[in-house]
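Step one of this worksheet: look at the structure below.
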Amino acid sequence: LVRPFHEIPGLWKNGAANLYAFWKQDGFKNLHHIMVNNFNKFGPIYREKIGYYDSVNIIKPVDAATLFRAEGYYPKRLRVEAWTSYRDYRNRKYGVLLKDGEDWRSNRVILNKEVICPKMLGNFAPLLDEVGQDFVARIHKKIERSGQNKWTTDLSHELFKYALESVGSVLYGERLGLLQDYIDPEAQHFIDCITLMFKTTIPMLYIPPALLRTLGAKVWRDHVQAWDGIFGQADRCIQNISRKLKEPVQSDKYPGVLASLLMLDKLSIEDIKASVTELMAGGVDTTSITLLWTLYELARHPALQEELRAEVATARAQSQGDLLDMLKRIPLLKGALKETLRLHPVAVSLQRYITEDIAIQNYHIPSGTLVQLGLFAMGRDPSVFPRPEQYQPSRWLRTENNYFRSLGFGFGPRQCLGRRIAETEMQLFLIHMLENFRVEKQRHVEVRSTFQLIVIPETPIILTIKPL
Ligand code: HEM
Ligand code: 2DC
């Protein structure tokens, strides 16, 4: 017998009181740990209301499957009001990230062909490979300049540049120049704005931005400034490409996502601009932090690092210069990236408003409810992943037990649009790093994570990079 909705355990009766308790626990920085505690306390399903935001939370892969079967034809995730409010305030269109309904679907179908379709990998991979080569050349130079035959550093700043250079080269078909000695201050400003934008989003998940705006709150003003910086830089890049397209010189070289969309002429210029800006902004902190966590894990597991190096060497030799073929020969390296996203997912949760009544853990959940899959908590649940605390890329090689477990990029038609770019960019990065350097770590201290809208390291990760 299915039990009624109101019997689901949890704290959902007083949103304001829960928000206060949440704030007192430093919940803004610890959302992911609080979710783990809640699953420990209430079991595999709980209901929660913090501020105005009311949801049912689940953790099991079979329940994730039920959730995604009920997402409907226009899957809708939690609306980040801060992001839509900024666009409303500045009179800018929503891109694919923020659109919903038929408007989302029609844009997404066109973007899929240019951004996530496997056919595009042949165009993207050579561009991303070149950025990877430039990155290792830059690191070699840093090592040389140190005069110590090694470089000990917090690599995050270099990784942000690598990520922006990578997504920029795919979107615009040309280089932004972030891996050179002189770096355009505007590009560095763009990177800083993304970090500020994420950070200032958090309070507005629980307190309506319209209210904060009326109060003239600093967090709203900072948020506006951050998006202004992001849109300003993206507009400059987009204008530059649009101008070049008007010149007659044509070649058969792949021109990048933006030029392809402009020439295709199926989306309005404003729709193209909105989604390309989101792709550019979405492509920086996500891949760079995932790569940073991966290097951290490889530094902590030297034997695994050697195993991956051997896999890459074999793949390189057997593929005989064919990039796409090489990328098919590195299952353990792909397992490592999945393992990183299991322990350090970018998104603490995946969410959908369900479009039909469902039963989860024997509770009735009515259509229209916001259901969240606790991705961070699932990755550390011992009943889902045996010995969850261990970084074991090989666990992903046995594909028969991976049912609804590899969800780092989300699921279905609303999954991450940048997924193929991100995966290829990260695979090529690790290939080049493993072929050139050994990565080491000073002491065995566990780096904790903190919630800055995405999950990031709480303290800097200091690595030592040595040439092979
Ligand atoms: C959406 C994760 C990199 C652009 C998402 C979602 C997740 C995610 C979990 C929500 C999916 C869902 O609701 O099912 C990641 C991870 C990344 C990454 C783990 C890298 C490690 C990127 C990159 C870009 C990007 C590089 C841009 C090039 C987007 C966009 C959406 C999205 C535009 C919204 C798609 C839509 O609503 O239709 N991402 N992402 N992401 N991501 Fe990513
Ligand atoms: C944050 O409770 C926690 O990929 C909230 O590239 C629920 C929530 C909703 C949407 C999620 C967000 C969380 C984390 C960051 C995500 C976002 C959807 C897309 C976004 C996962 C889990 C991200 C990082 C995009 C960002 C693109 C943007 C910069 C233009």
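Numbering of ligands and ligand atoms starts at 1, following listing order.
- The aromatic ring centres of Tyr53 and Tyr206 sit less than 6.0 Å apart.
- With salt bridges taken as basic N to acidic carboxylate O contacts below 4.0 Å, one links Arg79 and Glu81.
- For ligand 1, the atoms sitting less than 4.0 Å from at least one non-hydrogen atom of Val96 are 36 (C), 37 (O), 38 (O), numbered in the order shown with element in parentheses.
- Of all protein heavy atoms, the one closest to atom 27 (C) of ligand 2 is Gly282 CA, 3.6 Å.
- Ligand 1 has at least one atom lying under 4.0 Å from a heavy atom of Met426.
- In this structure, the side chain of Gln305 engages the main chain of Val439 through a donor-acceptor pair within 3.5 Å.
- The protein heavy atom nearest to atom 16 (C) of ligand 2 is Trp83 CH2, 4.8 Å.
- Protein heavy atom closest to atom 11 (C) of ligand 1, with residue, atom name and distance, is Arg414 O, 3.5 Å.
- Under 3.5 Å, the side chains of Tyr391 and Thr340 contain a donor-acceptor pair of N or O atoms.
- Close contacts between ligand 1 and Val167 involve ligand atoms 28 (C) [criterion: under 4.0 Å to a heavy atom].
- At a heavy-atom distance under 4.0 Å, only side-chain atoms of Thr286, from C-beta outward, approach ligand 2.
- Of the listed residues (Leu67, Leu370, Leu78), just one forms a side-chain contact (heavy atoms from CB on, under 4.5 Å) with Arg352, and that residue is Leu67.
- Asp184 and Gln188 share no donor-acceptor pair across their side chains, judged by distance under 3.5 Å alone.
- Of all atoms in ligand 2, numbered sequentially from 1 with element shown, those under 4.0 Å from a heavy atom of Leu97 are 19 (C), 27 (C), 28 (C), 30 (C).
- For the pair Arg47 and Phe5, the cation-pi test (distance below 6.0 Å, angle within 45°) is passed.
- In terms of protein heavy-atom proximity, atom 38 (O) of ligand 1 is nearest to Arg108 NH1, 2.8 Å.
- No side-chain donor-acceptor contact under 3.5 Å links Ser268 and Glu270.
- Counting heavy atoms under 4.0 Å from ligand 1, residue Arg352 touches it through the side chain alone.
- Less than 4.0 angstrom separates some heavy atom of Leu453 from each of these atoms of ligand 2: 1 (C), 14 (C).
- Any N or O atom pair closer than 3.5 Å counts here, and Thr287 shares no such pair with ligand 1.
- Contact annotation for Leu350 and ligand 1: only side-chain heavy atoms (C-beta onward) come within less than 4.0 Å of the ligand.
- Classification of Glu165 and Arg175 as a salt-bridged pair holds, one side-chain N sitting under 4.0 Å from a carboxylate O.
- Aromatic ring centroids of Phe135 and His432 lie 6.0 Å or more apart.
- Checked against a 6.0 Å centroid threshold, the rings of Phe385 and Trp396 count as neighbours.
- Between the side chains of Ser55 and Gln372, a donor-acceptor pair is found at a separation under 3.5 Å.
- Under the 4.0 angstrom criterion for non-hydrogen atoms, Glu278 is not in contact with ligand 1.
- Outside the 6.0 Å centre-distance limit, the rings of Phe451 and Phe28 are not counted as a close aromatic pair.
- Side-chain contact, Tyr86 with Asp228: a donor N or O sits under 3.5 Å from an acceptor N or O.
- Under 4.0 angstrom from ligand 1, the non-hydrogen atoms of Phe411 all belong to its backbone.
- For atom 34 (C) of ligand 1, the nearest non-hydrogen atom of the protein is Leu97 CD1, 3.5 Å.
- Excluding waters, the count of protein N/O/S atoms less than 2.8 Å from atom 43 (Fe) of ligand 1 comes to 1.
- For Asn18 (side chain) and Leu11 (main-chain N/O), a donor-acceptor pair under 3.5 Å exists by modelled atom type.
- Taking each of Gln452, Arg79, Gln351, Arg77 in turn, the one with a heavy atom nearest to atom 9 (C) of ligand 2 proves to be Gln351.
- In this structure, atom 21 (C) of ligand 1 lies nearest to the protein heavy atom Thr290 OG1, 3.3 Å.
- Glu278 places a side-chain N or O within donor-acceptor distance of the main-chain N or O of Leu97, the cut-off being under 3.5 Å.
- Ligand 2 has a nitrogen or oxygen under 3.5 angstrom from a nitrogen or oxygen of Tyr53.
- Not one N or O on the side chain of Asp357 forms a donor-acceptor pair closer than 3.5 Å with the backbone of Pro366.
- With a 6.0 Å cutoff to the six-membered ring centre and a 45° limit on the axis angle, Lys76 counts as a cation-pi contact of Tyr353.
- Given atom 26 (C) of ligand 1, the protein heavy atom at minimum distance is Gly283 CA, 3.4 Å.
- Interface atoms of ligand 2 facing Ala347, defined by a heavy-atom separation under 4.0 Å, are 21 (C).
- Shown in contact with Ser349 at under 4.0 Å from a heavy atom are these atoms of ligand 2, numbered in order with element: 22 (C).
- With a 4.0 Å heavy-atom cut-off, ligand 2 is reached by no atom of Leu350.
- A 4.5 Å side-chain heavy-atom check between Ile456 and Phe198 finds every atom pair outside the cut-off.
- Only the side chain of Phe451 comes within 4.0 Å of ligand 2, counting heavy atoms alone; its backbone N, CA, C and O stay farther away.
- Protein heavy atom closest to atom 27 (C) of ligand 1, with residue, atom name and distance, is Leu279 O, 3.2 Å.
- Within 4.0 Å of atom 14 (C) of ligand 2, at least one protein heavy atom is present.
- The nearest heavy-atom contact from the protein to atom 29 (C) of ligand 2 is Met197 CE, 3.5 Å.
- With hydrogens left out, the protein atom closest to atom 2 (C) of ligand 1 is Gly408 O, 3.6 Å, a heavy atom.
- Close placement of the Tyr89 and Trp220 rings is indicated, their centers lying within 6.0 Å of each other.
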